[in-house]
S.K.: 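Have a look at this one before I ask anything.
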Number of protein chains: 2
Amino acid sequence: MFTKQELIEFCQTARSSYLDHISIDCVIFGFHSGQLKVLSLKIKNEESWYLPGGFVRKNEPIDMAANRILKERTGLDEIFLQQFHVFGDPERSRPHHDLYKDMLPPEENWFSNRFLTIGYYALVDFVHVNSTPDQHSESCTWYDLSDLPDLKLDHARILKTALDTLRLQLNYQPIGYNLMPKEFTMPELQKLYETILDKKLDRRNFQRRMLGFGILNRSDQPRKGGAHKAPYLYSFDLKNYQNALKEGLKSGW
Amino acid sequence: MFTKQELIEFCQTARSSYLDHISIDCVIFGFHSGQLKVLSLKIKNEESWYLPGGFVRKNEPIDMAANRILKERTGLDEIFLQQFHVFGDPERSRPHHDLYKDMLPPEENWFSNRFLTIGYYALVDFVHVNSTPDQHSESCTWYDLSDLPDLKLDHARILKTALDTLRLQLNYQPIGYNLMPKEFTMPELQKLYETILDKKLDRRNFQRRMLGFGILNRSDQPRKGGAHKAPYLYSFDLKNYQNALKEGLKSGW
DNA sequence: CAGCATGGTGTATTTTGAACACAATAGTAT
DNA sequence: ATACTATTGTGTTCAAAATACACCATGCTG
């Protein structure tokens, strides 16, 4: 939460730099040790968590704004990032109104604006993320989807909508290139699908289907070192993958 | 196009009533005599066409704003209406900036704002629409999808995105309840699907599949009067239809 | 080197989708 | 009337795909 002095400064900057009434919130999905994870910010001196978000500069395309926000929080660029919904209930930012309404008169108070927020979701490679809190936050960290803190405002709903969209997307687009490391085994990829869908899939049928999409290349070398039989390593065939993104896959899970 | 006096008045009203920077544009689909149609407005004294649109009131949920706009243009309420994308390129409304920039100084000129527009698409019953132009338009009429006028701004792109979304939606949601009259024959429904998808479907397989969804009720009475064999009349089973909307259908076309 | 957990490959069965044939009906032409 | 024709309803066949399950291979463990 802001002190009064911080609030005054923030509002001045915001008013001169950003578009009124619009914000962006990002649901950033990562995948690690068999768990789907979401990046979430904890506000300084508060037990409050939010999705990473920000505002749109006066002359900035919204996709670029979302990319900028993503880059600020993760250090990553040029990754899968997709708009999925606008949340436009006038009451949705009321908690912020109320929190700051006594500190500044409405004309000067950026937070007495009503905000629509544009939801974006991103798929990122967990290990490459260099997570960085913003100026109001004391931490920016991954949470298991199954073990989330209580998100404030309507951010829980935003997250749920993003997850629903992601599950739907699985039916007609390949995913994984953005969530997996360069090389991975088939069981690892399967685990990703199972985690997103929250259900078990048959090992053998998964493999057949996945290979049927023609977006994977098998490496000559299997993965050594682990116990048990050494699995093959795969990587995505980027050209075919991009094509599948455009053309869409047949049928769903 | 506005005269200067009209512009001044409009800007005053707009500034006091509407949220800055946000607009809504609606792609309103109808179906008649075997053609998919879109409602489009022609501006007074100009060869310019636009999608029906409007602004969001300062304290109005965005879905309600879209509904209001739809009702103003069609007289219809409580129909299928769905947000599908936000268009947020800063240059997208430049033609409007340029058009009005010499008439009023930027501080007073609503149109020197940058606008994001939220795209909604609606499916409506053609014959129940009472189409009504807005104050800047001389007509509000249906155009065949295959025979559209040149839409201004980025409205052609908005329409295309809406159509893509509609086609995708066909894969996992029932449509038709909103586009068809209460009672209809199977060939009529098939024609709707064929028109949206822009391809021929097999008559018999279409019927089996459609019935398999369990969202249709067959009437006792066939349709009389036409030449040839009298087809059965169907209507949607609203309860199952709603359920299918929520649960989704299996696989696609 | 047997045990076992894991990964790769194959096969039978069921379900689904695509293509097609034929019968029923209601107007039309003669 | 009666044959003709365009259209609709229903069934059947064949191929493809999804599902379920069996078996072999591998590499560590004790």
Side-chain angles (χ1 to χ4, degrees), chain A residues 33-34 167 170-172 174 176 180-181 183-195 197-235 244 247-253, chain B residues 33-34 167 170-172 174 176 180-181 183-195 197-235 244 247-253:
Chain A
S33 62
R167 281 182 182 150
L170 230 50
N171 289 323
Y172 55 90
M180 302 295 286
E183 297 203 302
F184 49 88
T185 68
M186 195 58 82
E188 285 166 358
L189 184 61
Q190 181 179 340
K191 185 75 189 158
L192 169 65
Y193 274 75
E194 290 181 338
T195 308
L197 292 168
D198 195 25
K199 72 176 175 193
K200 282 275 166 203
L201 300 172
D202 183 278
R203 191 166 61 86
R204 296 146 282 191
N205 298 331
F206 176 83
Q207 167 144 332
R208 185 189 354 247
R209 180 143 172 202
M210 212 63 207
L211 292 175
F213 292 150
I215 56 175
L216 292 178
N217 289 323
R218 189 160 92 175
S219 158
D220 301 329
Q221 302 301 321
R223 164 166 300 169
K224 300 279 189 179
H228 319 302
K229 175 167 182 174
Y232 288 106
L233 285 171
Y234 291 89
S235 57
E247 300 297 320
L249 304 168
K250 313 291 173 207
S251 100
W253 294 94
Chain B
S33 61
R167 282 180 181 152
L170 230 49
N171 288 324
Y172 55 89
M180 302 295 286
E183 296 203 302
F184 50 88
T185 68
M186 195 59 81
E188 285 166 357
L189 184 60
Q190 181 180 341
K191 185 75 188 157
L192 170 63
Y193 274 75
E194 290 180 339
T195 307
L197 293 168
D198 195 24
K199 70 176 176 192
K200 282 275 167 203
L201 300 172
D202 183 278
R203 190 168 62 87
R204 297 147 279 192
N205 297 332
F206 177 82
Q207 167 143 331
R208 175 156 354 123
R209 182 144 172 201
M210 212 61 206
L211 291 175
F213 293 150
I215 57 175
L216 292 178
N217 289 324
R218 189 159 92 175
S219 159
D220 301 329
Q221 301 302 321
R223 163 165 301 170
K224 300 280 190 180
H228 319 302
K229 176 166 181 173
Y232 287 107
L233 286 171
Y234 291 88
S235 58
E247 299 298 321
L249 304 169
K250 312 292 174 204
S251 100
W253 296 94

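Lettering follows sequence order; numbering is per chain, from 1. Side chains are part of it too, since the values below use all heavy atoms of this structure and drop only hydrogens, waters and symmetry mates. Treat the numbers as computed from the prediction; the structure is a model and nothing was measured.
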S.K.: In whole Å, what is the span from the CE atom of B:M210 to the C1' atom of D:dG9?
M.R.: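 Value for this atom pair: 17 Å.
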S.K.: Identify, with sequence neighbours excluded, every residue that meets salt bridge (Lys or Arg N to Asp or Glu O under 4.0 Å) alongside A:E183.
M.R.: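 With neighbours one apart ignored, the set is empty.
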S.K.: Between D:dG11 atom C1' and B:R203 atom CZ, what is the distance in whole Å?
M.R.: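 After rounding, the gap between these two atoms is 12 Å.
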S.K.: For the pair A:Q190 (side chain) and A:Q207 (backbone), establish whether a donor and an acceptor sit closer than 3.5 Å, ignoring hydrogens and angles.
M.R.: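 No.
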S.K.: Taking the side chain of A:N205 as its heavy atoms from C-beta onward, which of D:dA20, D:dT8, C:dG7 lies nearest to it?
M.R.: D:dA20
S.K.: Under 3.5 Å, is there an N or O donor on one side and an acceptor on the other linking the side chain of B:R204 and the base of C:dA18?
M.R.: no
S.K.: Spell out yes or no: do the side chain of B:R209 and the base of C:dG17 have one donor N/O and one acceptor N/O closer than 3.5 Å?
M.R.: no
S.K.: Roughly, in whole Å, what's the span from CD in A:E188 to C1' in C:dG7?
M.R.: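 Answer to the nearest Å: 12 Å.
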S.K.: From C:dA19, D:dT10, C:dG8, pick the nucleotide closest to the side chain of B:R208?
M.R.: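 From the listed options, C:dA19 comes nearest.
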S.K.: Taking the minimum atom-to-atom distance to the side chain of B:R218, which one of D:dG9, C:dT9, D:dA25 wins?
M.R.: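 My answer, after comparing the listed nucleotides, is D:dG9.
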S.K.: Do the side chain of A:D202 and the base of D:dA18 come within less than 3.5 angstrom through a donor-acceptor pair of N or O atoms?
M.R.: no
S.K.: Please give, in whole Å, the distance from D:dA17 C1' to A:F213 CZ?
M.R.: 12 Å
S.K.: Salt bridge between A:K199 and A:E194, side-chain N to carboxylate O under 4.0 Å?
M.R.: no
S.K.: Given atom NZ of B:K229 and atom P of D:dT7, what is their separation to the nearest angstrom?
M.R.: 14 Å
S.K.: To the nearest 0.5 Å, how far apart are CG in A:L189 and OH in A:Y234?
M.R.: 10.0 Å
S.K.: Nearest 0.5 Å please: distance from the CE atom of A:M210 over to the CG atom of A:L201.
M.R.: 10.5 Å
S.K.: In whole angstrom, what separates A:L201's CG from D:dA17's P?
M.R.: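 A:L201 atom CG is separated from D:dA17 atom P by 19 Å.
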S.K.: NZ of A:K200 versus P of D:dA18: gap in Å, rounded?
M.R.: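 Spelled out: NZ on A:K200 to P on D:dA18 is 21 Å.
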S.K.: Of all the choices, D:dG27, D:dG9, C:dG8, which nucleotide is nearest to the side chain of A:A230 once you look at every atom?
M.R.: D:dG27
S.K.: Find the distance A:K191:NZ to C:dT6:P and express it as a whole number of Å.
M.R.: 12 Å
S.K.: Does the side chain of B:Q207 get closer than 4.0 angstrom to OP1 or OP2 of D:dT10 through an N or O atom?
M.R.: yes
